[in-house]
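Inspection log for the structure reproduced underneath, given as structure tokens.
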Amino acid sequence: MVAGKRKSDRNPTNVSEKLGLKDPLLRRLSSAAAVTHSFLQANDLSISPSQSLRLESLISSLPIPPSPSPSSAVTTATWFNRFLTSATEEDDDPRWCLCFRMSKSTFFNLFSILSHSSLPSFAAAIFRLAHGASYECLVHRFGFDSTSQASRSFFTVCKLINEKLSQQLDDPKPDFSPNLLPNCCGVVGFGRFEVIGKLLGAKGSILVQALVDSDGRFVDISAGWPSTMKPEAIFRQTKLFSIAEEVLNEAPTKLGNGVLVPRYILGDSCLPLLPWLVTPYDLTSNEEEEESFREEFNNVVHTGLLSVEIAFAKVRARWRILDKKWKPETIEFMPFVLTTGCLLHNFLVDSGDDDDSLEECVNGCAAGYNGETRKDEKDDDDEKTRRFEGEAYIESRRIRDAIAENLSRVSSLR
């Protein structure tokens, strides 16, 4: 008799009815799910994606499927086709930004750059990046035959974005706060993105090193480093470290105090002081004299470092797939998707679609990683000795002192 009951319950056509006969609460849940499902189908073009995805997730989490409803008939047109039909006449329709995180003109401009992608595939990839939507959701909304097809399409579009938009990365330009920091070409820092479980035996997270310019664009991106690595170790293995001296070793500028300084970038105290990498003063060190201009310089550097945190915060706020914890089996794809999000951020800045407020981004995203690197970095005495010995370090200190003294002079004239 027990076996017969199990066999009957596996029939999807009568599971709700049989359970409902014995449990009125389940029957009510099933009825409520059916009403919600019908409401979503009738209003899916007017409800924001974040709301509809939450409702869909709630329905799918119920222990029983919703009861059949006469209004839940399957429509022949996909959600995206119906969206295009309803939104095609209005260039400033706010639903484009709600659904795809960009205006209609920017959406089709980006699509024209990715010449080897179909419009539904392109739209599905942007939608998944924007909302962290599941592949099952993409199947229903964009008309894929299966979740595997949706997955292949997503990574194909991400690859095209990487190939096309990475060509638009420029060499660093000396325009980062030119009045206070002449010849500065940007700020290098780190972002942390969480994964589920542990990575290399430690709490799971992936680090991304990035160089950000005066417009908040990513000039250089190196993603996929485990959080068990120290920032300096990551830095010395990146392409930026290998080419920076050559790229920045040109066009020195004469400061108001008469000192020539090369092009340089700013970095946090967890990174080494180099002729082309200027880091804050260690005001607790006995080697440093107590001078007010050094504290002022540190404040300016730390303000500059916020631009990296803000850039990563905007990436998280706009591309919600990156604000989730990734599963261990998908970690190998995470650096690829992270780079995609950063490149799209650049494209939107250049297109004038970078309209997220600072408050919204910072409040909606995890804190940046720069403070954590300062807190967690613990070099032993031998490492510090090796780092701060030699003529290169003496020259680096001379350059930093000249920049700090010039900053103090400029500030006093204001």
Side-chain angles (χ1 to χ4, degrees), residues 12 33-62 65-161 318-321 324 333 337 340-341 344 348 353:
V35 172
T36 304
H37 184 70
S38 297
F39 173 80
L40 284 174
Q41 285 193 325
N43 300 276
D44 58 356
L45 293 178
S46 56
I47 303 174
S48 71
S50 59
Q51 291 175 322
S52 61
L53 288 172
R54 281 197 295 268
L55 286 174
E56 290 171 8
S57 175
L58 179 61
I59 293 174
S60 65
S61 67
L62 294 176
S67 300
S69 171
S71 61
S72 63
V74 178
T75 56
T76 55
T78 65
W79 171 87
F80 180 60
N81 286 335
R82 289 184 290 113
F83 174 86
L84 287 177
T85 301
S86 66
T88 185
E89 296 181 358
E90 299 182 27
D91 291 335
D92 59 347
D93 191 326
R95 289 180 296 174
W96 285 96
C97 288
L98 280 175
C99 295
F100 302 106
R101 298 293 192 255
M102 63 187 76
S103 65
K104 177 183 176 182
S105 58
T106 301
F107 178 90
F108 282 102
N109 184 23
L110 178 59
F111 174 64
S112 67
I113 295 174
L114 310 182
S115 55
H116 298 292
S117 174
S118 70
L119 184 57
S121 294
F122 166 70
I126 299 299
F127 189 87
R128 174 166 163 77
L129 288 166
H131 304 286
S134 67
Y135 292 122
E136 290 83 358
C137 171
L138 299 188
V139 168
H140 299 308
R141 285 180 178 256
F142 296 90
F144 293 105
D145 293 332
S146 63
T147 56
S148 60
Q149 184 190 41
S151 174
R152 289 193 301 270
S153 174
F154 173 72
F155 286 107
T156 297
V157 173
C158 287
K159 180 180 179 183
L160 284 172
I161 292 173
R318 195 183 291 267
W319 310 118
R320 289 297 185 180
I321 192 173
K324 295 183 174 183
F333 302 110
V337 179
T340 301
L344 285 172
L348 296 177
D353 262 11

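Computed over heavy atoms, backbone and side chain alike; hydrogens, waters and symmetry mates excluded. Start at 1 with the first residue, then count along the sequence. Here the structure is a predicted model, which is why all the values come from computation and not from measurement.
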Taking only residues two or more places apart in sequence or in another chain, which ones pass side-chain hydrogen bond (donor to acceptor under 3.5 Å, both in side chains) with Ser121?
-> Ser118, Ser153
Report the residues that fulfil side-chain hydrogen bond (donor to acceptor under 3.5 Å, both in side chains) with Ser48, sequence neighbours left out, ordered by chain and then residue number.
-> Ser50, Gln51
Roughly how far, to the nearest 0.5 Å, is the CD1 atom of Ile161 from the CG atom of Leu114?
-> 5.5 Å
Residues Ile126, Trp319; criterion side chain to side chain contact (heavy atoms under 4.5 Å, CB included); working and verdict = CA-CA 9 Å; Ile126 299 299; Trp319 310 118; 4.1 Å; yes
Of all heavy-atom pairs between Ser151 and Tyr135, which one has the smallest distance, and what is that distance?
-> CA-CE2, 3.4 Å
For Ala133 and Leu138, which heavy atoms make the closest approach, and how far apart are they?
-> CB-CD2, 4.4 Å
For Thr106, side-chain contact (heavy atoms from CB on, under 4.5 Å) partners two or more places apart = Met102, Ser103, Phe347, Leu348, Ser351, Asp353
Heavy-atom distance under 4.5 Å between the side chains of Arg320 and Arg101, does that happen here?
-> yes
Just wondering, do Val337 and Phe155 contact through their side chains at under 4.5 Å, heavy atoms?
-> yes
Would Val157 and Thr340 satisfy side chain to side chain contact (heavy atoms under 4.5 Å, CB included), going step by step from the backbone distance to the final call?
-> CA-CA 10 Å; Val157 173; Thr340 301; over 6 Å; no
Could you give the side-chain donor-acceptor pairs of residues 140-147 under 3.5 Å, partners two or more places apart or in another chain?
from, atom 1, to, atom 2, distance (Å)
Arg141, NH2, Ser52, OG, 2.7
Ser146, OG, Ser148, OG, 2.9
Ser146, OG, Gln149, N, 3.2

Do Arg128 and Ile321 have side chains that get closer than 4.5 Å, going by heavy atoms?
-> yes
Quick one: list whatever passes ring pair (Phe, Tyr, Trp, His ring centres under 6.0 Å) with Phe107, sequence neighbours left out.
-> Trp96, Phe100, Phe122
May I ask you to decide if the ring planes of His131 and Phe127 are parallel, tilted or perpendicular, using 30° and 60° as cut-offs?
-> tilted
Grab the two heavy atoms, one from Leu84 and one from Leu119, that are nearest each other, plus how far apart they are.
-> CD1-CD2, 3.9 Å
Determine, stepwise, if the pair Ser117 / Thr156 fulfils side chain to side chain contact (heavy atoms under 4.5 Å, CB included).
-> CA-CA 8 Å; Ser117 174; Thr156 297; over 6 Å; no
side-chain contact (heavy atoms from CB on, under 4.5 Å) with Lys159: which residues, sequence neighbours excluded?
-> Glu163, Phe336
Go through the steps for Arg95 and Ser86 under the test side chain to side chain contact (heavy atoms under 4.5 Å, CB included), then give the verdict.
-> CA-CA 10 Å; Arg95 289 180 296 174; Ser86 66; 3.3 Å; yes
